[in-house]
Amino acid sequence: MLELQNITKRYGNRRALDHISLTLENGIYGLLGPNGAGKSTLMNIITGNLKPSSGKVLWNGKNIRDMGADYRSLLGYAPQQQGLYDTFTGIRFLSYMAALKGISKKEQKGEIQRVLDYVNLTEKACRPIGSYSGGMKQRILVAQAILGDPHLIILDEPTAGLDPKERVRIRENIRNISGDKVILVSTHVVSDIESIAKEIILLREGKIV
């Protein structure tokens, strides 16, 4: 269970998040809101990339700041910004991410194949990422997020740049892995999430509306 208790984030005099409290149990949650609503700030606080100005994030009752590496080991995150190594092939990138996640060499091959199949990139896995389209880069980011079967998955605009067929594929695959996980999906496209989400969280000006 993921619990946000009274999360506030200030940048100077501006409040990006204003006293956000949420409890997320197993299932899929949609995070919607216009640009500047605070979605990315909220996800960066949940993943531990940002510290809140006040409030705390708990995983099964434990403060994520105290959990450190134990929290990161159960977290999968696909950011919207594509900060990828263009000279790496898809397989090399996923091998690198698997090593960072502590997945053993023995398990890596099967796990990498699983996530490549998941995002429909098996045939392109040996190509340099620099030759990928924007949509393919988005899919490889989703693939690395689910490496190691994490319990908490945060996806920031996972269907951005994908064609309609791939959008449906990603949506259905998110549904298929959601049984024992907390999955938070940020999107601008309501149709990408409305049929699979347990709840929709709507943010506006840093507040849940």
Side-chain angles (χ1 to χ4, degrees), residues 28 31 39-50 59 64 67-178 180-189 192-193:
I28 302 167
L31 182 63
K39 300 190 302 297
S40 292
T41 299
L42 182 61
M43 286 184 289
N44 274 296
I45 287 173
I46 292 172
T47 58
N49 290 328
L50 275 179
W59 177 259
I64 66 168
M67 292 178 67
D70 288 340
Y71 179 68
R72 291 190 293 275
S73 70
L74 56 83
L75 174 69
Y77 176 45
Q80 186 179 5
Q81 286 82 13
Q82 298 175 350
L84 294 163
Y85 301 102
D86 284 348
T87 57
F88 280 24
T89 63
I91 284 181
R92 187 181 176 195
F93 172 68
L94 292 174
S95 298
Y96 173 65
M97 294 304 296
L100 289 179
K101 290 189 174 194
I103 299 170
S104 70
K105 290 257 186 188
K106 183 179 177 182
E107 296 175 311
Q108 280 185 23
K109 185 175 181 181
E111 184 63 6
I112 288 169
Q113 189 59 57
R114 179 184 74 86
V115 300
L116 283 169
D117 289 344
Y118 177 92
V119 297
N120 196 27
L121 273 178
T122 300
E123 293 181 5
K124 307 293 193 301
C126 294
R127 284 174 46 183
I129 290 175
S131 70
Y132 283 13
S133 67
M136 290 166 67
K137 289 179 179 179
Q138 198 67 28
R139 281 149 59 195
I140 202 79
L141 283 171
V142 172
Q144 64 79 29
I146 63 170
L147 273 171
D149 200 26
H151 295 294
L152 172 62
I153 300 175
I154 311 294
L155 304 174
D156 190 357
E157 300 280 354
T159 58
L162 302 186
D163 64 36
K165 187 176 179 180
E166 286 297 337
R167 297 180 92 98
V168 171
R169 181 187 176 93
I170 290 290
R171 182 180 68 211
E172 292 308 308
N173 282 337
I174 291 171
R175 187 207 301 270
N176 291 340
I177 65 168
S178 64
D180 60 347
K181 305 178 191 310
V182 177
I183 302 179
L184 182 63
V185 183
S186 168
T187 181
H188 284 97
V189 184
D192 279 351
I193 197 70

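What you are looking at is a predicted structure, and each value in this text was computed from that prediction instead of being measured.
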Where is the tightest heavy-atom contact between Thr47 and Asn49, given as atom of each residue plus distance? OG1-ND2, 3.1 Å
CH2/Trp59 to CG/Leu74 distance, rounded to the nearest 0.5 angstrom? 6.0 Å
Side chain to side chain contact (heavy atoms under 4.5 Å, CB included) for His151 and Val182? Distances and angles first, verdict last. CA-CA 6 Å; His151 295 294; Val182 177; over 6 Å; no
Hey, could you give me the CD1/CZ distance between Ile193 and Arg175, rounded to the nearest 0.5 Å? 10.0 Å
dist Met97:CE -> Ile103:CD1 (nearest 0.5 Å) comes out at 9.5 Å
Within a 6.0 Å radius of atom CZ on Arg92, are there more than 12 heavy atoms belonging to other residues, nucleotides or ligands? no
How far apart are the closest heavy atoms of Leu75 and Pro150, and which atoms are they? C-CB, 3.8 Å
So, for Ile170 and Tyr118, which heavy atoms are closest and what is the spacing to 0.1 Å? O-OH, 4.3 Å
As an exercise, state the distance from OG of Ser178 to CG of Asn173, rounded to the nearest 0.5 Å. 11.0 Å
Distance check, rounded to the nearest 0.5 Å: Phe88 atom CZ versus Asp86 atom CG? 10.5 Å
Decide side chain to side chain contact (heavy atoms under 4.5 Å, CB included) for Thr159 and Gln138; before the verdict, give the C-alpha distance in whole Å, the side-chain angles of both, and the deciding distance to 0.1 Å. CA-CA 7 Å; Thr159 58; Gln138 198 67 28; over 6 Å; no
If you measure only the distance, is there a donor-acceptor pair under 3.5 Å linking the side chains of Gln113 and Asp117? yes
Determine whether a donor-acceptor pair (N or O, by modelled atom type, separation under 3.5 Å) exists between the side chain of Tyr77 and the backbone of Ile46. no
Residues that Glu111 engages under salt bridge (Lys or Arg N to Asp or Glu O under 4.0 Å), provided they are two or more places apart: Arg114
Hey, are Lys181 and Asp149 close enough for a salt bridge, meaning a charged N less than 4.0 Å from a carboxylate O? yes
His188 to Glu157 - nearest heavy-atom pair and separation: ND1-OE2, 2.5 Å
Taking Glu166 for the side chain and Gly135 for the main chain, is one N or O donor matched with an acceptor at less than 3.5 Å? no
Kindly determine whether Ile183 and Ile177 satisfy side chain to side chain contact (heavy atoms under 4.5 Å, CB included), including the steps that lead there. CA-CA 9 Å; Ile183 302 179; Ile177 65 168; 4.0 Å; yes
Are the side chain of Arg169 and the backbone N or O of Val119 linked by a donor-acceptor pair below 3.5 Å? no
Value rounded to 0.5 Å, distance of CD1 in Ile146 from CG in Leu141: 12.0 Å
Report yes if some heavy atom in the side chain of Thr187 is under 4.5 Å from a heavy atom in the side chain of Leu31; otherwise report no. no
Test side chain to side chain contact (heavy atoms under 4.5 Å, CB included) on Leu155 and Ser186; report intermediate values, then the result. CA-CA 6 Å; Leu155 304 174; Ser186 168; over 6 Å; no
State, with a plain yes or no, whether a side-chain heavy atom of Arg139 is found less than 4.5 Å away from one of Asn120. yes
I need the minimum non-hydrogen distance between Phe93 and Ile140, along with the two atoms involved. CD2-CG1, 3.9 Å
Any side-chain heavy atom of Ile154 within less than 4.5 Å of one from Leu152? yes
Any non-hydrogen side-chain atom of Ser95 less than 4.5 Å from a side-chain atom of Ile112? yes
Sidechain-backbone polar pair: Lys101 side chain, Leu147 backbone, donor-acceptor under 3.5 Å: yes
For a quick test of reading the model, state the closest non-hydrogen atom pair linking Gln144 to Ala78 and the distance between them. NE2-CA, 3.9 Å
